[in-house]
There are 2 protein chains.
Amino acid sequence: MTSAMTDNSTPPETEVLSLLPARLRAARRDQGLSLDAVAKLSGVSRSMVSQIERGESSPTIATLWNLTRALQVDFAGLLEGATDAPGIEVLRDASVPTINNKGQGCSIRILSPPEEVGRHEVYDIRFAEGGILDSDPHKRGSREHLTVISGIVRLKAGTQVELLKAGDTARYPVDQPHTISAETGPAQVFLVVQDG
Amino acid sequence: MTSAMTDNSTPPETEVLSLLPARLRAARRDQGLSLDAVAKLSGVSRSMVSQIERGESSPTIATLWNLTRALQVDFAGLLEGATDAPGIEVLRDASVPTINNKGQGCSIRILSPPEEVGRHEVYDIRFAEGGILDSDPHKRGSREHLTVISGIVRLKAGTQVELLKAGDTARYPVDQPHTISAETGPAQVFLVVQDG
DNA sequence: GATTAGATTCCGAAATACCGGAAATCCGTC
DNA sequence: GACGGATTTCCGGTATTTCGGAATCTAATC
């Protein structure tokens, strides 16, 4: 058969899988390896490597995994779309998207682009005195990285509680309910959410 | 046959693939979906989904891809090791590791743990008037996310130049030389480096 | 131009991923 | 405890991946 790739559910747009063959071949050639060499390194037969590199076969994750280890490429990055923007994108102070109706007495300024899902998001959060931000658990494995710019905040993650003042930083898993509050006065924090 | 997973080249340690079935099943159950439901959503048959979730079959990347889209999980993250730390880690203002001898007139406060390489790093950088931080290109695909806390800074990435003041944010690729400088007075910026 | 060494592609045969329907298992409800 | 309804697993058959070897292609050398 001519095209073995079962590309059902493949709208015109994101055929990320079609990029994989070329990337694999490039990775191999970059290291000056022959098909036979990677075959011995990975345990995948030469013919299979050849077919995969020509897009004539859709490898099982097991074999792909073995290939990535032999070629020393990152399994994850291999399947990601070419995500490179050309130049500097600037988001001016006045035009930062802001959410006010979440939590109480706090405004959330979204500093990362909405498209960029799956890696990390960046927020600038400003609390009035007594402001509270309550969050439900995110996806398992996610972590937050919180740095206090000014004021004093109280951080609660699961059962644990910490008091943080300007300059302090806290990191914590967020597969559990967590709360940030500014009890003693206004505060500003910088929050990086790393998706799990 | 009982175990179809071709697990050749599988040292005792990182059998990341063995985690995949459980993760898929968890993702499905979290959304309250039945095998039949995801089958219709993804185009993969119920039986296949069942087999994959029980580790009795190693899916091709094509079918796995379809599953990830139906379950709305990140293909990349699915294959990464479980990276969860137990509780809140706190880094106090006074004990933040700081670098002063890089660049001129600037001190770099490292807010992310050194172990956590490969995802993102977080820095709090403080410039004296005239301070300059020159950086060589990082790994291709890396991006920086810079937010100005106070003062005015000049950002140069490749050939492009932008002037940023307090509250402004800039995002830019760093597979090219880039420079941050505070020409008109002291400044403080927050920098998130996303590894490519 | 012929020879040789290396790399890649082609070709059965065996293994296994994949599908659709049937059987089995799990629950609530009467 | 028996009866739906829903979910999951089992069981054919088919399509595709995967392997090892043979054939083809590529280039350098003589």
Side-chain angles (χ1 to χ4, degrees), chain A residues 1-10 15-71 75 78-79, chain B residues 1-10 15-71 75 78-79:
Chain A
M1 52 107 83
T2 50
S3 108
M5 296 285 285
T6 67
D7 58 353
N8 38 354
S9 86
T10 300
E15 186 39 276
V16 190
L17 292 186
S18 64
L19 301 173
L20 188 136
R23 292 188 183 183
L24 283 176
R25 172 153 291 190
R28 179 171 62 85
R29 291 244 158 97
D30 281 353
Q31 301 184 45
L33 295 173
S34 68
L35 285 174
D36 201 62
V38 297
K40 283 186 175 59
L41 280 174
S42 65
V44 180
S45 70
R46 309 118 238 216
S47 9
M48 186 76 306
V49 180
S50 176
Q51 286 188 39
I52 292 172
E53 285 185 354
R54 281 180 290 139
E56 295 195 350
S57 166
S58 176
T60 63
I61 53 168
T63 59
L64 217 211
W65 176 260
N66 291 334
L67 278 180
T68 59
R69 306 207 71 182
L71 293 172
F75 196 121
L78 206 52
L79 274 305
Chain B
M1 56 129 60
T2 50
S3 108
M5 297 284 286
T6 67
D7 59 352
N8 38 355
S9 87
T10 299
E15 187 39 276
V16 190
L17 291 187
S18 64
L19 301 173
L20 187 135
R23 292 187 185 183
L24 284 177
R25 172 152 291 190
R28 179 171 63 85
R29 292 246 158 96
D30 281 353
Q31 302 184 44
L33 295 173
S34 67
L35 285 175
D36 201 62
V38 297
K40 283 186 174 59
L41 280 174
S42 64
V44 180
S45 71
R46 309 111 235 231
S47 6
M48 189 55 353
V49 179
S50 175
Q51 285 187 40
I52 292 171
E53 286 185 353
R54 280 181 290 139
E56 294 194 351
S57 168
S58 176
T60 64
I61 52 169
T63 58
L64 218 209
W65 175 260
N66 291 334
L67 277 181
T68 58
R69 306 207 72 184
L71 293 172
F75 196 123
L78 207 51
L79 274 304

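In the text below, chain A, chain B and the rest are named by the order of the sequence lines, each starting its count at 1.
For B:Met48 and D:dT7, the CE to P distance is 20 Å, given to the nearest whole Å. In this structure, B:Ile61 atom CD1 and D:dT16 atom P are separated by 15 Å, rounded to whole Å. To the nearest angstrom, P of C:dA15 lies 18 Å from CD of B:Glu56. Across the protein-nucleic acid pair, A:Leu64 atom CG and D:dT16 atom C1' stand 16 Å apart, rounded to whole Å. The distance from atom CG of B:Leu35 to atom P of C:dC19 is 13 Å, rounded to the nearest whole Å. Residue B:Asn66 contributes atom CG, which lies 17 Å from atom P of C:dA17 at whole-angstrom precision. Atom CD1 in B:Ile52 sits roughly 15 Å away from atom C1' in D:dT9 (whole-Å rounding). Atom pair B:Asp36:CG and D:dT7:P shows a separation of 8 Å (rounding to whole Å applied).
Within the 4.0 Å cut-off from OP1 or OP2 of C:dA22, not a single side-chain nitrogen or oxygen of B:Arg46 is found. Between B:Ser57 and C:dA17, a side-chain N or O to OP1/OP2 separation shorter than 4.0 Å is present. In terms of phosphate contacts, A:Arg28 brings a side-chain nitrogen or oxygen within less than 4.0 Å of OP1 or OP2 of C:dT8. At least one side-chain nitrogen or oxygen of A:Thr63 sits closer than 4.0 Å to the OP1 or OP2 atom of D:dT18. The phosphate of D:dT9 has OP1 or OP2 within less than 4.0 Å of a side-chain N or O from B:Ser50. Applying the 4.0 Å criterion to OP1 and OP2 of D:dT16, one finds that A:Ser58 has every side-chain N and O outside that range. Note on B:Arg54: a side-chain N or O is less than 4.0 Å away from OP1 or OP2 of D:dC10.
The residue A:Ser47 sits close to a base: some heavy atom pair falls under 4.0 Å.
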Kindly give the atom pairs (protein nitrogen or oxygen, nucleotide nitrogen or oxygen) under 3.5 Å for nucleotides 24-28 of chain C.
none

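In this structure, CG in B:Leu41 is found 12.0 Å from CZ in B:Arg28, a value given to the nearest 0.5 Å. For the atom pair B:Ile61 CD1 and B:Asn66 CG, the distance stands at 10.5 Å (nearest 0.5 Å). Rounding to the nearest 0.5 Å gives a distance of 10.0 Å between CG of B:Leu20 and CD of B:Glu53.
When every heavy atom of B:Pro59 is checked against every heavy atom of B:Thr63, the shortest pair comes out as CB-OG1, 3.4 Å.
Across its full length, the helix from C:dG1-D:dC30 to C:dC30-D:dG1 shows an angle of 20° between the axes of its 5 terminal pairs at either end, rounded to 10 degrees.
Under the side chain to side chain contact (heavy atoms under 4.5 Å, CB included) criterion, B:Arg54 pairs with B:Arg25, B:Ser50, B:Gln51, B:Glu56, not counting sequence neighbours. Applying the side chain to side chain contact (heavy atoms under 4.5 Å, CB included) test to B:Ala37 and every residue at least two apart in sequence or in another chain returns B:Leu33, B:Ser34. Residues satisfying the side chain to side chain contact (heavy atoms under 4.5 Å, CB included) criterion with B:Ala39, sequence neighbours excluded, are B:Arg46.
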From CA spacing to verdict: side chain to side chain contact (heavy atoms under 4.5 Å, CB included), B:Leu24, B:Leu64: CA-CA 10 Å; B:Leu24 284 177; B:Leu64 218 209; 4.3 Å; yes
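A residue-by-residue look at B:Gln51 and B:Ser34 shows that B:Ser34 has its nearest nucleotide of DNA chain D further toward the 5' end.
Nearest to the side chain of B:Ser45, among C:dT8, D:dC19, C:dC18, sits C:dC18.
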